[in-house]
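Let me begin by presenting the structure, written as structure tokens, before commenting on it.
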Protein chains: 2
Amino acid sequence: MRSNDVYKRAFNDCLSHIEQLSVGEEIGAEASLARSLSVSRTTVRSVLETLEERRIIADDGRSRRIVRLPIPNDFFPEAETQSVHALIERRFMDFVLEENILPGQQVNALELSRRFSVSPSAIREYLRDFSECGLIERRPSGSWIFVGFDRDFAQELCDVRQIFELESARRFVNFADDDAVWGQLNAIERAHLWLLEDYDARHVEFPHVDNSLHSLINSASKNRFINRFDNLRCLIFHCHYSWNKVDEKERNFVAIHEHLRYIAALRSRDKRAIEDAAIFHLGTARQTLLASLDRRHSRHGEKVEHTPGLSVC
Amino acid sequence: MRSNDVYKRAFNDCLSHIEQLSVGEEIGAEASLARSLSVSRTTVRSVLETLEERRIIADDGRSRRIVRLPIPNDFFPEAETQSVHALIERRFMDFVLEENILPGQQVNALELSRRFSVSPSAIREYLRDFSECGLIERRPSGSWIFVGFDRDFAQELCDVRQIFELESARRFVNFADDDAVWGQLNAIERAHLWLLEDYDARHVEFPHVDNSLHSLINSASKNRFINRFDNLRCLIFHCHYSWNKVDEKERNFVAIHEHLRYIAALRSRDKRAIEDAAIFHLGTARQTLLASLDRRHSRHGEKVEHTPGLSVC
DNA sequence: GTCATGTCTATAGTCGATAAAAGACAGGCG
DNA sequence: CGCCTGTCTTTTATCGACTATAGACATGAC
């Protein structure tokens, strides 16, 4: 039986919406609520029904008005609003982090299903999805093995990233003066400066800002395969960094300043400057990634071998 | 309940093996049969049991000997030896071909499941897998829409292919003289010449030879993302060509000669010659792909717009 | 000891059922 | 006529059951 997480999320969102209003106000028609909550009218109707039962709103026949403001207890617990997929995703990440999975190790789908209290099919689906990023592989017998995020993996990822992003950055100059990207670029620059204003409090926001910049740059290539790869890269970086938070603050600080230089170069439309800034930043990113891998491995007492980084050009 | 296609395939393979032998001969131990049929001993045991029941072999306690040679009727029908996944794949391809699916059209998973007489879950899994190649996409509501193989898709695919393959081809010269790739390259060249010897009969074999050459070249980059993309490209080309066989023979003939030039260039290790041959061949491949798309579309009475091909460099 | 076989257990593939959610349609109110 | 709502149908997400297959262990023959 499918979980009603969509309903619960919509319910909570709706409560948050009501909190912004005051007693006696109308909360709008079903259709418009459906649109603003991004769910179907069917779901909205369930939500409204519950709201009436709990005397938060009342329907006098011609309009629905707020009777009382919601209290914290009215909200569904956060955990219940997750889809099974999201739940598995979180637990799987924790599992990988805590168990220190080593490359080549087998992933036992059935055990995961027991551990996470979900059905085997759900695990199966999740692993299928997750395998797209290349960190696990399927054996002919059907079982999964962990590929592991090692130096080679990181190098190959960075090589392709560099090929694609240089290509995209070069094409960035082709955008017309009145194109929307320039506004988006400015907004991203402001987001960087905003992070720096109170860096201690805000540095955790960096990954989000990072992704938005690189996505914007890659959008210049107008190529779905390049964009897809960038999404993949985001996902992998996300996994890796959630597994390894050492030096996060320092490395992000460096990256922010490289980004600002990169952004300025893009705006200047100076091809040479763009290329220099791109190569420099991508190079640092590669080095930080590799360095954090080394630290991680050496922490586990493995021998770290330093293969010379392949140059992509 | 899962299908016993593995068993049936192993059974048929085993019969084929027995056909090569004669009455009275031993057919080997369970473990060795399991290895040669690439299945588990459990499956081999089921197969042997059936063979005994049907009096094809007999077990006198110390060895299993052939009693009679199999007749065509002993084999399981070909259709039953397909896995559900393979079955769906075939029917889905036919479906797409016959129904002339247009871009943007919705794929109804439930209808497919009824039409193909398989469970909805199986269709769901297949679509998930198939979506990896980018020809269908998932909407937030969970339904699937057909993206369609249009000019843009083909251009973007070819752009990335060109970026990757030029990179790989350039690196090909780095293989040592005694590396196994040179032998593989020679074998592929011989396969091309063999095709030409009796082209009328053998031209259908071209796609296979084509893939082996491009895979070999891409292996030079030693990058799992590049290799994965090449597999994807193979799949997409495979789909496209199975949907569109117009001029297949002629376009493959041209391609074979370009391949021979490409192979010679790789062997010469002349970077300039390699690049020229690669660019030339990839360019023709792009043009044939686009041309066949135009033909396909104009056949359906759509207007064909000729967007200028984006140069990747 | 080595290999083959019998037996048992664990895991994967597939299905069908069921509730949740989406979406279509028609009638009613302004 | 446009928008809102009640009702119904279709489709999706998830589960749990069931069988095929893989793999482990133990026993026995040579």
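Order of the sequence lines sets the chain letters (A, B, ...), proteins ahead of strands, with each chain counted from 1.
- When side chains are defined from C-beta on, B:Asp74 counts as touching B:Arg68, because their heavy atoms get closer than 4.5 Å.
- Here B:Ser38 contributes atom OG and B:Leu33 contributes atom CG; the two are 11.5 Å apart, rounded to the nearest 0.5 Å.
- Within the structure, no pair that satisfies the ring pair (Phe, Tyr, Trp, His ring centres under 6.0 Å) test touches residues 27-57 of chain A, not counting sequence neighbours.
- For A:Ile88 and D:dA13, the CD1 to P distance is 14 Å, given to the nearest whole Å.
- Atom CG of A:Leu112 and atom C1' of C:dA12 are 14 Å apart (whole Å).
- Within the 4.0 Å cut-off from OP1 or OP2 of D:dT11, at least one side-chain nitrogen or oxygen of B:Asn108 is found.
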For nucleotides 14-17 of chain D, tabulate all protein N/O to nucleotide N/O atom pairs closer than 3.5 Å, reporting atom names and distance.
| from | atom 1 | to | atom 2 | distance (Å) |
| --- | --- | --- | --- | --- |
| D:dT14 | OP1 | A:Val84 | N | 3.4 |
| D:dT14 | O2 | A:Met1 | N | 3.0 |
| D:dC15 | OP2 | A:Ser119 | OG | 3.1 |
| D:dC15 | O4' | A:Met1 | N | 3.2 |
| D:dG16 | O6 | A:Ser121 | OG | 3.2 |

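- Distance CD1 (B:Ile123) to C1' (D:dT11): 14 Å, rounded to an integer number of Å.
- Of all heavy-atom pairs between A:Val44 and A:Ala34, the closest is CG2-CA, 3.4 Å.
- Atom CG of B:Leu127 and atom CD of B:Glu137 lie 13.0 Å apart (nearest 0.5 Å).
- Contacts of A:Arg9 with the nucleic acid, taken as non-hydrogen atoms under 4.0 Å apart, are absent.
- Within the cation-pi definition used here (under 6.0 Å to the ring centroid, within 45° of the axis), B:Arg233 qualifies as a partner of B:Phe237.
- Ring geometry, A:Phe146 versus A:Phe92: the interplanar angle falls from 30° to 60°, so the pair is classed tilted.
- Here the P atom of nucleotide D:dC3 and the CG atom of A:Leu33 are 16 Å apart, to the nearest Å.
- Interatomic distance, B:Arg90 CZ to B:His85 NE2, rounded to the nearest 0.5 Å: 13.5 Å.
- Atom NZ in A:Lys8 sits about 9 Å away from atom P in C:dA21, given to the nearest Å.
- For the pair A:Arg45 and B:Val107, nearest-nucleotide mapping onto DNA chain D gives the more 5' position to A:Arg45.
- With the nearest nucleotide of DNA chain D identified for both B:Glu111 and A:Asp59, A:Asp59 has the one nearer the 5' end.
- Rounded to whole angstrom, the span from the CD1 atom of A:Ile27 across to the P atom of D:dC4 amounts to 13 Å.
- Whole-Å rounding puts the B:Leu87 CG to C:dC15 P distance at 9 Å.
- Atom pair A:Arg138:CZ and C:dT11:P shows a separation of 16 Å (rounding to whole Å applied).
- Taking the six-membered ring where the residue is Trp, B:Tyr126 and B:Phe130 present parallel rings, their angle staying beneath 30° rather than reaching 60°.
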Restricting both atoms to N or O, compile the protein contacts to nucleotides 22-25 of chain C shorter than 3.5 Å, with distance only.
| from | atom 1 | to | atom 2 | distance (Å) |
| --- | --- | --- | --- | --- |
| C:dA22 | OP2 | A:Ser40 | N | 2.7 |
| C:dA22 | OP2 | A:Ser40 | OG | 2.5 |
| C:dA22 | OP2 | A:Thr43 | OG1 | 2.6 |
| C:dA22 | O5' | A:Ser40 | OG | 3.4 |
| C:dA22 | N7 | A:Thr42 | OG1 | 2.7 |
| C:dG23 | N7 | A:Thr42 | OG1 | 3.3 |
| C:dG23 | O6 | A:Thr42 | OG1 | 3.1 |

